[in-house]
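So the structure is just underneath, and the comments pick up after that.
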Amino acid sequence: MVPTSYYLILSGVIFMIGATGVLLRRNALIILMCVEMMLNSVNLTLIALSRQWDNLNGQIFVFMIMAVAAAEVAVGLAIVLAHTRHSKTTNIDEINLMKW
C-alpha cells in the first residue's frame with residue numbers, strides 16, 4: 001500500500017510543473033495543457049485524501065472538476081483555433097485582439 005504522502009508529493013510536483021508552464025511559456029496550446037496538469041494534480045490530491053479519510057466527497061469534487069476542465073478545454077481550444085486561423089500564430093504575446 002502506497003502511503004498518501006507519496007500521492008500528495010506527486011500532486012505537488014505536477015502542480016508546480018503546470019504552474020511553471022503557465023507562467024513561463026508563450027504558446028497558448030501549451031498553456032492550456034499546463035492548466036490541465038494543474039487541475040489533474042488537484043484531482044489527484046482530492047482522490048488521495050478521499051481514500052485516506054474514507055469519504056466520498058473528494059471523489060464527487062473530482063467529477064465536478066473534470067466537467068469544468070472539459071468545458072474549459074472546449075472553449076479555450078475553440079478560441080485558440082479561431083485566433084490561429086485568423087492570425088496564423090499561437091503566441092500569447094501576439095494575441096491582442098481584446099486589448100484597447
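- Residues meeting the side-chain contact (heavy atoms from CB on, under 4.5 Å) test with S87, sequence neighbours left out: H83, T89.
- Linking Ile, Leu, Val, Met, Phe, Trp and Tyr residues whenever their side-chain heavy atoms come within less than 4.5 Å leaves I92 and V80 in two separate clusters.
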Which donor-acceptor pairs under 3.5 Å do the side chains of residues 30-45 make with protein atoms, sequence neighbours left out?
from : atom 1 : to  : atom 2 : distance (Å)
N40  : ND2    : E36 : O      : 3.3
S41  : OG     : M38 : O      : 2.7
T45  : OG1    : S11 : OG     : 2.5
T45  : OG1    : S41 : O      : 3.1

Do any side-chain atoms of residues 18-28 form donor-acceptor pairs under 3.5 angstrom with protein atoms, and if so which ones, sequence neighbours left out?
from : atom 1 : to  : atom 2 : distance (Å)
T20  : OG1    : M16 : O      : 2.7
R26  : NH1    : D93 : OD1    : 3.2
N27  : OD1    : L29 : N      : 3.0
N27  : OD1    : T90 : OG1    : 3.0

For residues 51-65, which side-chain donor-acceptor pairs fall under 3.5 Å, sequence neighbours excluded?
from : atom 1 : to  : atom 2 : distance (Å)
R51  : NH2    : V2  : O      : 3.4
Q52  : OE1    : T4  : OG1    : 2.4
N55  : OD1    : N57 : N      : 3.2

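- Among residues at least two apart or in separate chains, there is no salt bridge (charged side-chain N to carboxylate O under 4.0 Å, His left out) pair with a member in residues 67-87.
- For the side-chain hydrogen bond (donor to acceptor under 3.5 Å, both in side chains) test, no residue two or more places apart in sequence or in another chain qualifies with T84.
- The distance from atom CG of L49 to atom OH of Y7, rounded to the nearest 0.5 Å, is 12.0 Å.
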